[in-house]
Amino acid sequence: MTTPDTNSLPSNYDFAATEAEWYPRWSERGVFTASAARAAHREPFVIVLPPPNVTAVLHMGHGLNSTVQDVLIRWRRMAGDEALWVPGTDHAGIATQNVVEKQLAAEGHTRFDLGREPFVERVEQFVAQTGGEILHQLKSLGSSADWTRTAYTFSPGLSVAVREAFVRLWERGLVYKGHRVIHWCPRCGTSLSDEEAEFTETAGKLYHIRYLLADDASQSITVATTRPETMLGDVAVAVNADDARYTPFVGRELLLPITAVRIPVIADSYTDPTFGSGAVKITPAHDANDFDVGKRHALTMPVIIDADGIVREVELAAGRVPPSLAGLDRFVARDRIVELLTAEGALVKVEPHQHNVRHCYRCDTVVEPRLSDQWFVHMQPLAEKALAVLRSGQLRILPERWEAVYVNWLEGIRDWNISRQIWWGHRIPVWYCDACDSTAERSTPIVSRDPVLFCPTCGGAVRQDEDVLDTWFSSWLWPFSTLGWPDRNSADLKAFYPGDVLVTAPEILFFWVSRMVMAGCWFLDATPFHTVYLHGTVRDMQHRKMSKSLGNGIDPLDVVRLYGADALRWTMVAGLGLGVDVMLDPDDLEKSFAPGRNFCTKLWNIGRFLLSRVGTEHVDPIGVLAPEALTAADAWILDRLDQAIADCDAALGPPRPSFRGAWTEVEKGRGLRLSEYAEAARRFVWNELADWYLESVKPRLATEGADREVARAVLAHAFDGALRLLHPMVPFITEALWQQLPQTPHPALLATAAWPKERITRVLSGDAFEYTRETVQAIRKVRAEYNVQPGTWVDAVLVASGTIATVLEAQIETIGVIARGRVTVVQVAPAGLASRIVLANGVELVVPLAGMIDVAKERQRLDGEIAQLDKQLTALDGRLANEKFTAKAPPELVDAERAKAEEWRSRLAQLTAKLKALGE
RNA sequence: GGGUCGUUAGCUCAGUUGGUUAGAGCGCCACGUUGACAUCGUGGAGGUCACAAGUUCGAGUCUUGUACGACCCA
């Protein structure tokens with residue numbers, strides 16, 4: 001009967017052993033390695049991994065991010081694309097430098113003790129030893145990235161790309177050196193871009209300070225500021241020219257408190273008369289807006305806070321910082337100045353003030369606006385291209401609402417400060433010749449792709465710019481620098497650029513995503529991907545972002561150890577609505593990850609059943625089965641498989657724009673519904689294949705003969721389809737099970753097996769099986785109501801005639817096996833006490849249950865059903881009686897509603913008759 | 001201050017152009033170890049779709065407003 005269980009699976013799924021077995025096998029067989037040559041005759045499908053920082057440790061955000069990418073890559077790989085997932089790391093300038101500086105601090109040193117060269121060597125050592133560990137951790141999640149192409153933003157190759165990009169932008173006049181107020185982190189000792197200086201809502205104070213008129217101490221102007229220490233650098237007070245309160249003051253002079261420095265009152269439209277006192281102190285060296293005012297009025301720009309955040313006379317500030325304040329930290333100086341102002345009677349009032357203060361995104365220090373020389377990229381021409389590809393549909397962003405954010409940012413784009421005053425990073429490819437610069441009028445920097453050793457003009461010594469580039473200046477080239485750019489002949493670049501999908505979190509839409517689009521459009525004239533998929537953030541149950549400092553994180557490696565990689569992936573994908581945050585409870589891993597583990601267990605048990613009952617001998621391919629040999633259940637499950645394939649395809653795809661590389665309006669919002677994909681696949685394998693088909697097929701498998709072969713074939717085929725559909729999501733367990741299938745010749749690995757396709761023609765409808773399902777459910781309901789023990793078989797009589805009777809007749813054995821009943825089909829309902837249920841198709845189910853029937857219970861059930869149906873029918877009749885409805889609603893709908901009303905009416909009559917019979 | 005999004009079952013969320021009796025997972029209740037599966041099975045309870053008005057024959061779905069919450073930007 002059953003096949004000897006020579007190949008039977010262990011009763012418990014050993015995920016650890018399976019993961020350890022299959023990842024290396026895939027890897028050794030080169031499954032993950034894409035080929036530029038093959039891409040010539042297959043569609044390439046390319047994703048670049050958002051490179052984690054070299055110093056990063058894997059957290060749930062990476063788990064979510066890489067799972068999404070791996071699902072897409074594995075899906076497309078099976079679908080026949082040349083799938084390439086490029087992994088790598090980011091050297092992360094400031095972040096990495098901070099880590100090493102902390103190490104040095106623990107040893108009692110600063111980077112300045114070491115000096116630049118040794119410090120950089122030290123960081124390199126550190127990166128070589130512990131860097132990139134995160135990539136190995138990604139492997140334990142099953143990530144099928146092409147490790148042969150692992151990249152690093154600071155590798156020699158990518159450094160070439162960085163210099164090339166800088167020089168090209170310089171040649172087009174888009175890179176320039178500017179003297180202006182930028183965001184400065186006094187702790188990191190470097191400038192930051194606008195995006196790197198993050199706003200934090202802060203409870204601060206608003207200080208109102210009185211400035212007396214220089215020639216008439218009886219008159220004054222009061223200004224308000226959140227940073228009173230900056231008054232030392234004030235060079236003017238600005239009022240609006242139309243503000244009658246102040247027009248008499250314009251042109252006169254005020255005395256700064258404490259220092260008695262004389263400053264003018266000026267008129268400038270920047271001042272809003274309705275805000276505060278309508279008069280604004282102007283500190284051009286320490287506020288970006290004030291800087292603009294200062295430039296307009298050609299004011300001096302005294303610098304009174306140095307690079308370390310210490311108050312002192314740095315530049316053009318002679319006589320502005322009293323000795324008692326010099327050398328103080330800016331916040332200490334603030335308190336001291338408030339004391340001095342109070343003593344002088346210049347402090348009018350202090351109010352609590354809620355405002356946003358910029359903080360360094362790497363160390364959270366309050367950012368100091370500071371006047372300095374920096375390198376900038378003029379972004380506007382690049383932004384135009386990035387806007388154009390979105391508008392033309394060559395690029396889409398999902399969820400679509402982010403497109404507005406993207407557009408808004410690009411339309412108001414500001415120049416990008418790309419120079420950093422740190423040591424870890426790409427040195428700016430600019431050299432200076434001090435001799436020429438000092439003698440000639442020429443002060444043009446020497447910008448070069450290659451190192452400059454001598455001054456091209458005088459042949460003398462040159463020195464390289466001390467600054468390094470913003471780490472994002474290398475990241476923004478990632479989609480093509482990793483493929484060999486600027487080498488136009490690179491096979492990878494030709495084969496795999498532009499790529500397809502970028503998967504990341506919305507936080508770095510500006511930092512990275514939009515800049516990659518700009519770089520791709522600018523340097524290669526094509527958007528680097530056609531789809532940006534912005535997934536949500538992993539949060540805890542209080543909706544707080546998971547973070548090290550809050551201690552609310554979950555280590556994905558713990559989850560892999562306890563539940564398996566597939567369980568983790570399942571949880572990530574199944575809960576992943578488009579762009580929706582993922583809530584996980586760090587204190588209850590069981591709650592979050594048990595569903596994934598349970599799903600794997602279920603799958604495993606289906607596999608065990610299959611192997612023990614279907615055996616390992618050859619099964620027929622589904623195509624050779626004669627249509628008439630198929631049972632209703634066979635036809636049904638094959639239908640369901642087709643539907644599952646269609647649902648999965650619709651949830652995931654289309655993989656790329658189907659027409660000329662641009663999304664149509666219809667297509668644009670489609671696809672990447674990972675949770676829908678998961679649900680469609682789960683429903684098929686669990687609710688359809690396991691719950692119904694498997695149960696129905698048991699007796700057929702137990703009896704030798706032609707029908708057993710049909711059942712074996714259909715079962716094997718359906719399970720094969722299920723495994724293929726599930727593989728991108730839960731690759732390990734599906735591969736392990738698939739290897740055991742007694743299937744017709746197949747490729748050696750599920751990872752490279754073909755993604756399933758719907759049958760072209762449906763030979764037989766599976767609808768008849770719905771009768772079985774409904775009947776079984778009705779019998780089960782009766783059994784549950786009367787508490788019939790599972791081992792007890794009940795009599796079940798189906799009252800039907802005509803074709804329905806014939807259809808039911810063919811399925812009585814199946815119904816009986818699943819519902820544990822002796823089923824018969826008759827024309828006339830048997831008399832006597834019984835539980836009677838009217839099925840949707842009008843068939844009456846009679847379960848006699850001799851001696852057990854409770855009349856009250858039966859009446860109660862019928863009463864309930866009648867009441868419910870009556871209510872619905874009344875509502876429906878009301879709708880049909882409404883002439884406006886019948887006149888205006890689509891005729892098909894009206895017809896359908898009429899038919900439904902008839903059906904309900906007849907059912908109601910049947911139920912009422914049953915109730916009456918009970919009462920007599 | 002400007003903008004975007006959300007509010008559907010106890011919890012986390014689906015619900016695609018308005019049209020059956022609004023769904024899933026988890027949780028809950030009852031019964032159960034039947035030769036794949038108790039990490040499971042079977043049956044069940046549970047929702048005035050935040051609130052108010054409007055458009056419509058018809059609104060969870062469209063419009064406006066209100067409340068609460070979240071995020072982004074300045």
Side-chain angles (χ1 to χ4, degrees), chain A residues 2 8-9 11-13 194-195 199 275 289 355-356 358 399 401-406 408-409 412 414 506-507 509-510 536-537 539 541 543 545 563 567 571 574-585 590-592 594-613 650 666 669-670 673 675-676 678-679 682-683 686-687 690-691 694-695 698 702 776-777 779-793 817-820 868-869 871-873 875-876 879-880 882-890 892-894 896-897 899-900 903-904:
Chain A
T2 48
S8 74
L9 300 169
S11 59
N12 286 315
Y13 172 51
D194 293 339
E195 291 70 34
F199 287 101
F275 186 80
N289 290 316
H355 63 136
N356 279 312
R358 291 209 191 236
R401 66 186 130 92
W402 287 104
E403 291 190 348
V405 179
Y406 171 92
N408 187 45
W409 186 78
R414 298 156 62 143
E507 289 102 273
L509 182 59
F510 305 141
T537 307
R539 298 178 186 276
M541 300 320 280
H543 296 200
K545 206 167 161 174
Y563 299 90
T571 296
L576 199 63
L578 187 61
V580 172
D581 288 345
V582 177
M583 308 297 171
L584 300 173
D585 189 346
E590 182 72 13
K591 187 181 169 190
S592 298
R597 176 203 55 197
N598 296 354
F599 178 74
C600 290
T601 304
K602 186 71 183 181
L603 201 56
W604 188 253
N605 280 308
I606 297 170
R608 284 177 61 212
F609 171 84
L610 229 99
L611 204 65
S612 69
R613 303 297 187 79
V666 179
R670 299 249 169 97
R673 263 60 174 190
S675 59
E676 289 177 26
E679 174 55 22
R682 187 204 65 81
R683 187 172 48 232
W686 198 321
N687 298 141
D691 287 352
L694 230 57
E695 293 303 326
K698 280 175 180 176
V776 166
Q777 276 168 334
I779 296 173
R780 280 173 173 169
K781 195 169 170 175
V782 172
R783 296 182 61 113
E785 263 175 34
Y786 288 101
N787 240 324
V788 179
Q789 295 302 298
T792 310
W793 284 57
V817 157
I818 306 178
R820 302 192 163 260
Q868 168 86 1
L869 192 57
K871 193 174 137 198
Q872 286 166 11
L873 187 58
L876 184 55
R879 206 181 318 161
L880 286 168
N882 184 343
E883 278 175 34
K884 286 179 178 170
F885 172 70
T886 47
K888 293 194 180 181
E892 319 86 76
L893 185 72
V894 178
E897 297 284 80
K900 191 165 67 187
E903 199 183 305
W904 285 358

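Everything numeric in this text was worked out from a predicted model, so none of it was measured. So you know, we letter chains A, B, ... as the sequences are listed, proteins then strands, and number each from 1.
- Following rounding to the nearest Å, A:Lys871 (NZ) and B:rU20 (P) show an atom-to-atom distance of 17 Å.
- Consecutive Watson-Crick or G-U pairs involving RNA chain B, each under 3.5 Å on both distances, make up stems of three or more pairs at B:1-7 with B:67-73, B:10-13 with B:23-26, B:28-32 with B:40-44, B:50-54 with B:62-66.
- Straight-line distance from the CZ atom of A:Arg879 to the P atom of B:rG58: 11 Å, rounded to whole Å.
- With C1' as the reference atom, B:rA30 and B:rU17 are 43 Å apart, rounded to whole Å.
- Nearest to the side chain of A:Glu679, among B:rU4, B:rA24, B:rG25, sits B:rA24.
- Within the nucleic acid shown, A:Gln872 comes within 4.0 Å of at least one base atom, counting heavy atoms only.
- Between A:Lys781 and A:Glu785 there is no salt bridge, since no side-chain nitrogen of the basic residue lies less than 4.0 Å from a carboxylate oxygen of the acidic one.
- Applying the side chain to side chain contact (heavy atoms under 4.5 Å, CB included) criterion to A:Glu403, with sequence neighbours excluded, gives A:Leu390, A:Arg396, A:Ile397, A:Lys668.
- Exactly one residue among A:Phe599, A:Phe609, A:Tyr13 makes a ring-ring contact (aromatic ring centres under 6.0 Å, His included) with A:Trp604. That residue is A:Tyr13.
- A:Lys900 has no carboxylate O lying under 4.0 Å from a charged side-chain N of A:Glu903, or vice versa, which leaves the two without a salt bridge.
- Of the candidates B:rA24, B:rU21, B:rA14, B:rU21 carries the atom nearest the A:Gln868 side chain, counting heavy atoms from C-beta on.
- Taking atom CZ on A:Arg597 and atom P on B:rC26, their separation rounds to 12 Å, with Å as the unit.
- When all heavy atoms are compared, the tightest approach of A:Gly607 to A:Leu9 is C-CD1, 4.0 Å.
- Distance A:Asn12 CG to B:rA38 P: 9 Å, rounded to the nearest Å.
- Within the 4.0 angstrom heavy-atom criterion, base atoms lie near A:Ala690.
- Put simply, the side chain of A:Arg820 and the base of B:rU34 share a donor and an acceptor less than 3.5 Å apart.
- Between B:rU66 and B:rA74, the distance separating the two P atoms is 26 Å to the nearest Å.
- The minimum heavy-atom distance linking A:Ala567 with A:Gly596 is given by the pair CB-C, 3.7 Å.
- Residue A:Lys698 is in base contact, counting any heavy-atom pair closer than 4.0 Å across all strands shown.
- Closest-nucleotide positions on RNA chain B for A:Phe609 and A:Lys900 were compared, and the one nearer the 5' end corresponds to A:Lys900.
- B:rG54 and B:rG15 have their P atoms separated by 29 Å, given to the nearest Å.
- Per the geometry, CH2 belonging to A:Trp904 stands 7 Å off C1' belonging to B:rU20, to the nearest Å.
- Of the possible donor and acceptor atoms, one in the side chain of A:Thr571 sits under 3.5 Å from a partner among the backbone N and O of A:Ser592.
- Each of A:Asn687 and A:Asn882 lies near RNA chain B, and the nucleotide nearest A:Asn687 is the one positioned closer to the 5' end.
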With the criterion being N/O to N/O and under 3.5 Å, what pairs connect the protein with nucleotides 40-46 of chain B, and how long is each?
unit_1	atom_1	unit_2	atom_2	d
B:rC40	OP1	A:Asn598	ND2	3.0
B:rG41	OP1	A:Lys602	NZ	3.4
B:rG41	OP1	A:Trp686	NE1	2.6

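- In this entry the distance linking CG of A:Leu880 with P of B:rG19 reads 18 Å, nearest Å.
- In this structure a side-chain-to-backbone donor-acceptor pair under 3.5 Å is present from A:Asn605 to A:Thr601.
- Between the side chain of A:Arg879 and the main chain of A:Glu897, no donor-acceptor pair closer than 3.5 Å is present.
- A:Pro506 comes within 4.0 angstrom of nothing in the nucleic acid, heavy atoms only.
- Residue A:Lys884 contributes atom NZ, which lies 13 Å from atom P of B:rA59 at whole-angstrom precision.
- Taking atom P on both B:rC11 and B:rG43, the two are 26 Å apart, rounded to the nearest angstrom.
- Comparing the C1' positions of B:rG1 and B:rA9 gives a spacing of 39 Å, expressed to the nearest Å.
- A pairwise comparison of heavy atoms in A:Ser675 and A:Ala574 identifies CB-O, 3.4 Å as the closest pair.
- The pair A:Arg597-A:Glu590 meets the salt-bridge criterion, with a side-chain N (NZ, NE, NH1 or NH2) lying under 4.0 Å from an Asp/Glu carboxylate O.
- A:Leu694 comes within 4.0 angstrom of a nucleotide base, judged by non-hydrogen atoms across all strands.
- Using a 4.0 Å heavy-atom criterion, one finds that A:Ala889 contacts the bases of the nucleic acid, with or without backbone contacts as well.
- Residues forming a side chain to side chain donor-acceptor pair (under 3.5 Å) with A:Lys884 (at least two apart in sequence, or on another chain): none.
- Across all strands, A:Glu695 comes closer than 4.0 Å to base atoms (heavy-atom distances).
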Polar atom pairs (N or O), protein with nucleotides 27-32 of chain B, under 3.5 Å:
unit_1	atom_1	unit_2	atom_2	d
B:rC31	O2'	A:Asn787	OD1	3.3

Would you list the protein and nucleotides 69-74 of chain B atom pairs, both N or O, that sit under 3.5 Å from each other?
unit_1	atom_1	unit_2	atom_2	d
B:rA74	N6	A:Asn356	ND2	2.1

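- Within a 6.0 Å radius of CZ in A:Arg670, other residues, nucleotides and ligands contribute 12 heavy atoms or fewer.
- In this structure, A:Arg683 places its CZ atom 10 Å from C1' of B:rG23, rounding to the nearest Å.
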